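Counting starts at 1 for both ligands and their atoms, following the listed order. Everything numeric in this text was worked out from a predicted model, so none of it was measured.
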Amino acid sequence: MVLLKHLRYDQKLMLKNNFMTSVCSMFWFRNDLRLLDNPGLVEASKLGEVFPIYILDESIPSFFKQGKASKIYLHYSLEQLNESLSGKLNIYRGDAQKIIFELFSAHTRIKNIFWNLCYDPWQFHTDQIIEKKLGKLQISCKIFNGSYLWNPQDIKKEDGGHYKVFSAYQKKVYTIEPRKPLSLSKHIQFIKDENNRTTLQDLDLLSLKNWNNKIESYWTFGEKSAQKKLYTFLQCNLAGYKKGRDYPGNQQTSKLSASLHFGEISPHQIWEAVHKIRQEMLCEEDIRHFLSEIIWREFSCYLMFHFPELPWKNFKAQFDNFPWTYHNEYFEAWKSGNTGHPIVDAGMRELLQTGYMHNRVRMIVASFLVKNLMIHWSYGQDWFWERLVDADLANNSASWQWVAGCGADAAPYFRIFNPTLQGETFDPHGHYTKQFLPILNQLPSQYLFKPWKASAHLLKQAGIVLGENYPFPIVDLKFSRERALSAYTAC
Ligand SMILES: Cc1cc2nc3c(=O)[nH]c(=O)nc-3n(C[C@H](O)[C@H](O)[C@H](O)COP(=O)(O)OP(=O)(O)OC[C@H]3O[C@@H](n4cnc5c(N)ncnc54)[C@H](O)[C@@H]3O)c2cc1C
């Protein structure tokens, strides 16, 4: 007989794991497509073997279903996750509730289920139903928070109410230290469902065939790549972030939004990595600003948690009477990047080509839609939902409402961006605009953001024929600004 005290630590662990093979727990991956710092997975692994599942839930109401760009990103992210699980990710498609209960009936060895919370209202509600039903069947169900630094339920004002102003929320959360990232045992055993025939391809996530090749060339996917993105950002772009983040041509931001949305990286890992280098980096203002963006993400989720109608209802009821207009031709011109206002068109074409748009430009195009065109923010929100790889219900709706002026702690409605001035200020050399609108490459920079003001001679020299290879502006900026302001005053 082998004496336990003579075994090395890893041999003891293996023995312990073998001893525990009778306990098997299901882990349900959702927006937490990573192995490290995954609280639900860590806890499941402590009990023995893990049966990892991903379900493409077809019972989701269409409003909450992922958009086309997100699906493409999800496909490649799942591919990476499956690789890090040595091909043992069990993939299903259908009604998530039904599938979970069928799996429990088919695999009697599985005794528990673990998952991390999703705060999208529909998912949150469904989770509670599943938890209740599991409880009735005496199946243990453990739920964790893996996606946010602070649980929206836990953050309250002194009077017990909820924060509606970002600065006050930020001040509060800074008093609560987030937990440290968690590690995962290397000896964890993942179980493959040999009877399951569904593969990643069967999820049909690559519906826009021509487009996914492009997305593939702009993005790298999965947990390892997210860590790489983070470290490259910290080393190369954190210093100077506060100012540089506003210039779309600078590429100074982290580009971590899709990774955060799908949980390829956790905010805890980001928080910890930033704090580790804080002492050696002499850029405290940049650090604070970057962390404040991470906190904006928390705040958006917090708002949606306490105001679940955020994706479709004005946060400020005053806007319910706003006289929105809808003009299909203008909306189509906006979507395709053909408004005749170069910074708006560059942004919309960046979105179409890459599934992403720089934050400053998101604000400009959104302001243009809701203020200059006076089209309801929900149209813009839906288009972003369809086309952003980082489409996120909380961030998208909170941001659209913020720009439209009807959100919590929103930009005042009367602050209407002038796209010409915004372009001149934030893309002074035109690098960004010309990248996505190469037709304007030869236009002298003083006309880049207002080609309609260039002389016929200059336009000819630059190879531009307004109305043919680049549109005339669809609205006059002065007129549309005044129209928006008087509509606001009247509502
Ligand atoms: C109209 C509009 C719609 C938007 N829709 C989305 C969306 O669907 N999904 C999304 O993730 N972001 C959205 N944003 C916020 C922001 O534009 C993106 O998060 C950011 O551009 C992503 O780039 P990054 O990762 O390089 O950001 P960084 O500047 O590197 O910021 C780091 C992280 O902080 C978070 N963050 C940054 N800015 C914001 C913000 N304003 N609100 C909430 N979180 C933020 C993101 O998770 C981001 O990855 C939207 C903004 C606007 C104006």
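At least one heavy atom of Y241 sits closer than 4.0 Å to an atom of ligand 1. Under a 4.0 angstrom heavy-atom cut-off, H261 registers as lying outside contact with ligand 1. For K255, the heavy-atom gap to ligand 1 drops under 4.0 angstrom. For Y356, the closest heavy-atom approach to ligand 1 falls below 4.0 Å. Contact analysis leaves W385 out of contact with ligand 1, as no non-hydrogen atom separation drops below 4.0 angstrom.
Ranking the protein heavy atoms by distance from atom 22 (C) of ligand 1 puts S257 OG, 3.3 Å first. Here the protein heavy atom with the shortest distance to atom 11 (O) of ligand 1 is N395 ND2, 3.0 Å. Taking atom 2 (C) of ligand 1 as the reference point, the nearest protein heavy-atom neighbour is S399 CB, 3.4 Å. For atom 33 (C) of ligand 1, the closest non-hydrogen atom on the protein side is I294 CD1, 3.8 Å. For atom 34 (O) of ligand 1, the closest non-hydrogen atom of the protein is E293 O, 3.4 Å. In this structure, atom 14 (N) of ligand 1 lies nearest to the protein heavy atom R362 NH1, 3.5 Å. Among protein heavy atoms, atom 17 (O) of ligand 1 sits closest to N359 OD1, 2.7 Å. Among protein heavy atoms, atom 9 (N) of ligand 1 sits closest to D390 O, 2.9 Å.
Residues D120 and R30 are not paired through a salt bridge, judged by the lack of any N-O separation under 4.0 Å between the basic side chain and the carboxylate. Using a 4.0 Å cut-off between charged nitrogen and carboxylate oxygen, D382 and R387 do not count as a salt-bridge pair. Salt bridge annotation for D204-R93: present, with a cationic side-chain nitrogen under 4.0 angstrom from a carboxylate oxygen.
Residue S300 places no N or O, backbone or side chain, under 3.5 Å from any N or O of ligand 1. Note: an N/O pair closer than 3.5 Å links D392 and ligand 1 by distance alone. At under 3.5 Å, a nitrogen or oxygen of N396, whether backbone or side chain, sits near a nitrogen or oxygen of ligand 1.
Side-chain N or O atoms of Q269 include one that pairs as donor or acceptor with a backbone N or O of S266 at under 3.5 Å.
Under 4.0 Å from ligand 1, heavy atoms of T253 appear from its side chain as well as its backbone.
The environment of NZ in K313 is sparse: at most 12 heavy-atom neighbours from other residues, nucleotides or ligands sit within 6.0 Å.
Side chain to side chain, N116 and N145 fail the donor-acceptor criterion of an N or O pair below 3.5 Å. Donor-acceptor pairing under 3.5 Å is recorded for the side chains of K229 and S259. E285 and Y241 are not linked by any side-chain donor-acceptor pair at a separation below 3.5 angstrom, with hydrogens and angles left out of the test. Under 3.5 Å, the side chains of Y73 and Q66 contain no donor-acceptor pair of N or O atoms.
Against a heavy-atom cut-off of under 4.0 Å, L260 is close to the following atoms of ligand 1: 47 (O), 49 (O). Interface of F290 with ligand 1, defined as ligand atoms under 4.0 Å from a residue heavy atom, comprises 30 (O), 32 (C). Annotation for ligand 1: atoms under 4.0 Å from non-hydrogen atoms of R297 are 43 (C), 44 (N), 47 (O). Proximity to L256 (heavy-atom distance under 4.0 Å) selects the following atoms of ligand 1: 25 (O), 49 (O).
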Exercise for the section: Using the side-chain hydrogen bond (donor to acceptor under 3.5 Å, both in side chains) rule, take Y169 and D409 through it: C-alpha gap first, then chi angles, then the decisive distance, then the call. Expected result: CA-CA 11 Å; Y169 170 83; D409 203 8; over 6 Å; no

